[in-house]
Amino acid sequence: VNTRARGLGTRLLAPADLERLAGARSLFVLQRELTNLGVIGSDVPATPEALERAVRRRAARLMAILGRWCNDDRRPLFAVVFEDEDRRSIQAALRGAEQAASADARLSGLVPTATLSERALRVLAAQPTMADVVRMLVIWDHPFGRALMGAVAGPRPSLFEVEVELQRAFAERALAHARQGGPALVAYARQVVDVMNASSALLHFAERDEDIVDATFIEGGAKIDRDTFAGLLDGETLEQTRSAVALALRDSAVGAAFGADSVHLGQLEAAVLKAQISEQRSLARQRPDGAAPTIGFALQLRAEVLDLQRIIWGIALGAPNAVLQASLVAS
């Protein structure tokens with residue numbers, strides 16, 4: 001699997017390629033450049049929707065190749081890799097349904113997998129309510145479907161409660177399977193849980209509800225346990241909470257992303273992803289027989305999809321090229 005992941009990594013765009021794409025003067029120029037790089041076919045129209053759809057389908061093909069090498073015995077071990085993409089996709093579908101966003105907006109920046117293909121994602125993106133999203137997951141026998149049924153059972157389900165249940169279902173499965181796959185997968189799974197809890201602390205720091213810890217905390221992190229999480233919610237300001245999060249994660253590769261004053265909260269996901277990619281590259285050099293090459297490929301693929309999405313829509317909306325180049329994750 002690692003050998004295949006390393007091979008697939010050579011198909012990803014180099015930082016120089018992404019910077020050149022971010023400097024394209026128009027969607028027509030971008031379409032030509034993407035075609036020349038083999039990312040899309042020459043018949044893809046130069047519209048943001050069509051270009052992003054083609055990028056997503058390419059990502060799906062690369063992920064499918066990796067998935068085929070993870071046979072029935074190996075695939076569960078990499079739940080933290082494949083099911084994390086599913087978690088992000090389901091979360092986007094739930095939020096889109098709650099906010100009545102367009103189907104294309106709900107699909108933006110997602111990576112299809114074997115369990116949630118491009119076609120399945122489009123079906124989820126078309127669902128009018130969160131309950132309908134969960135109902136489709138149950139029909140497909142997706143592992144997260146039944147875990148979310150209780151959260152959408154009432155007449156007015158809460159997006160907050162549904163998202164927490166989704167995170168808990170993912171964390172439980174990821175950690176349980178990672179323990180069978182070795183220390184590298186366990187360490188990464190626990191890091192992902194830490195990031196979830198750190199993000200929740202920043203989101204809910206202003207709330208003074210004594211039940212908020214029980215309502216939001218996700219078990220299984222390496223650096224943020226329940227007591228630490230409760231302490232993070234005592235901050236009076238966002239800056240205090242952010243400093244406390246960075247301190248709690250000071251020994252983690254992602255800690256610097258939370259502590260960097262130059263990183264706006266809206267850019268935090270990209271900063272964390274960049275830190276995770278850097279860590280997995282280092283681990284792949286130190287322990288090439290570990291899971292780092294596979295984890296790293298999945299993270300780099302996600303970064304490429306997010307970068308290309310930002311480039312496509314940035315050019316379509318007339319954003320300065322320098323701004324797009326500076327915001328690249330995979331650089």
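- When atom types are taken as modelled, the side chain of D194 and the backbone of G221 share no donor-acceptor pair closer than 3.5 angstrom.
- When K223, M196, E279 are each tested for a side-chain contact (heavy atoms from CB on, under 4.5 Å) with Q191, only one passes: E279.
- The cluster map of Ile, Leu, Val, Met, Phe, Trp and Tyr, joined by side-chain heavy atoms under 4.5 Å apart, puts L238 and V195 in the same cluster.
- Side-chain contact between L137 and L124: present, with at least one pair of heavy atoms (C-beta onward) separated by less than 4.5 Å.
- In terms of hydrophobic clustering, with Ile, Leu, Val, Met, Phe, Trp and Tyr side chains grouped at heavy-atom distances under 4.5 Å, V123 and I139 are assigned to a common cluster.
- Taking each heavy atom of Q127 and V133 in turn, the nearest pair found is CB-CG2, 3.7 Å.
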- Message: I'd like to know whether W313 forms a side-chain contact (heavy atoms from CB on, under 4.5 Å) with E49, so could you lay out the CA-CA distance, the side-chain angles of the two residues, the decisive distance to 0.1 Å, and finally the verdict.
- Response: CA-CA 9 Å; W313 285 99; E49 295 85 1; 3.6 Å; yes
- Task: Check step by step if side-chain contact (heavy atoms from CB on, under 4.5 Å) holds for W140 and T115.
- Result: CA-CA 9 Å; W140 296 334; T115 46; over 6 Å; no
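- Salt bridge present: E85 and R88 bring a charged side-chain N and a carboxylate O closer than 4.0 Å.
- Atoms CZ and CG, on R56 and L107 in that order, are 4.5 Å from each other to the nearest 0.5 Å.
- Between R11 and I65, the closest side-chain pair of non-hydrogen atoms falls below 4.5 Å.
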- Take D289 and R287, measure what salt bridge (Lys or Arg N to Asp or Glu O under 4.0 Å) needs, and give me the verdict at the end. CA-CA 5 Å; D289 58 335; R287 290 291 305 274; 3.2 Å; yes
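- Inter-residue side-chain proximity for L116 and L110 is flagged as unmet; no heavy-atom pair is nearer than 4.5 Å.
- Here the OG atom belonging to S278 is positioned 11.5 Å from the CG atom belonging to L273, to the nearest 0.5 angstrom.
- One distance of note links CG of L233 with CG of L203; it measures 10.0 Å at 0.5 Å rounding.
- The existence of a salt bridge linking E118 and R122 is confirmed by a sub-4.0 Å separation between a basic side-chain nitrogen and an acidic carboxylate oxygen.
- When hydrophobic clusters are built by joining Ile, Leu, Val, Met, Phe, Trp and Tyr residues whose side-chain heavy atoms come closer than 4.5 Å, directly or via intermediates, L283 is not grouped with V186.
- Ring pair F144/F170 is perpendicular by interplanar angle, where above 60° counts as perpendicular and below 30° as parallel.
- A distance-only check finds no donor-acceptor pair linking the side chain of E52 to the backbone of T47 [under 3.5 Å].
- Expressed to the nearest 0.5 Å, how far CD of Q280 lies from CD1 of I295 amounts to 4.5 Å.
- Under the 4.5 Å side-chain heavy-atom criterion for grouping Ile, Leu, Val, Met, Phe, Trp and Tyr, F28 is not connected to V39 through any hydrophobic cluster.
- Criterion: ILVMFWY side-chain heavy atoms under 4.5 Å apart, direct or through other members. Under it, L34 and V29 are not part of a common hydrophobic cluster.
- In this structure, the side chain of T10 engages the main chain of G7 through a donor-acceptor pair within 3.5 Å.
- In this structure, R87 CZ and Q167 CD are separated by 6.0 Å, a value rounded to the nearest 0.5 Å.
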- Taking it one step at a time, do E304 and R58 satisfy side-chain contact (heavy atoms from CB on, under 4.5 Å)? CA-CA 11 Å; E304 180 176 292; R58 172 179 181 266; 2.3 Å; yes
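- I218 and A171 get closest at one heavy-atom pair: CG2-CB, 3.6 Å.
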- Message: Between T228 and D225, does the side-chain hydrogen bond (donor to acceptor under 3.5 Å, both in side chains) criterion hold? Intermediate values first, please.
- Response: CA-CA 5 Å; T228 303; D225 58 18; 2.7 Å; yes
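- Residues D214 and R226 are in side-chain contact: their nearest non-hydrogen atoms beyond the backbone lie under 4.5 Å apart.
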- Please step through side-chain contact (heavy atoms from CB on, under 4.5 Å) for the pair L62 and L12, ending with a clear verdict. CA-CA 9 Å; L62 292 176; L12 298 178; 4.0 Å; yes
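- Shortest non-hydrogen contact noted between L268 and L202 is CD2-CD1, 3.6 Å.
- Side-chain atoms of R168 come within 3.5 Å of backbone atoms of F217 as a donor-acceptor pair (strictly under, hydrogens ignored).
- Panel note: side chain R250, backbone L247; a donor-acceptor pair is recorded below 3.5 Å.
- Taking the six-membered ring for Trp, F82 and H177 have ring centres at least 6.0 Å apart.
- Between the side chain of Q31 and the backbone N or O of V44, at least one donor-acceptor pair lies under 3.5 Å.
- A 4.5 Å side-chain heavy-atom check between T294 and L185 finds every atom pair outside the cut-off.
- Residues D84 and Y188 have side chains in contact (heavy-atom distance under 4.5 Å, counting atoms from C-beta outward).
- Residues S327 and D307 share a closest heavy-atom pair of O-OD1, 4.2 Å.
- More than 12 heavy atoms of other residues, nucleotides or ligands sit less than 6.0 Å from atom CZ of R20.
- Side-chain contact between F78 and V1: present, with at least one pair of heavy atoms (C-beta onward) separated by less than 4.5 Å.
- Closest of all the heavy-atom pairs between A54 and I40 is CB-CG2, 3.5 Å.
- With a 4.5 Å cut-off on side-chain heavy atoms, L94 and I90 count as touching.
- The two atoms that bring A298 and V81 nearest to each other are CB-CG1, 3.3 Å, heavy atoms only.
- Shown are L13, L328, L51, L30; of these, the side-chain contact (heavy atoms from CB on, under 4.5 Å) with L308 is made only by L13.
- Looking only at distances, a side-chain donor or acceptor of N321 sits under 3.5 Å from a matching main-chain atom of A22.
- Put simply, CZ on R242 and OG1 on T237 are 11.5 Å apart, with the number rounded to the nearest 0.5 Å.
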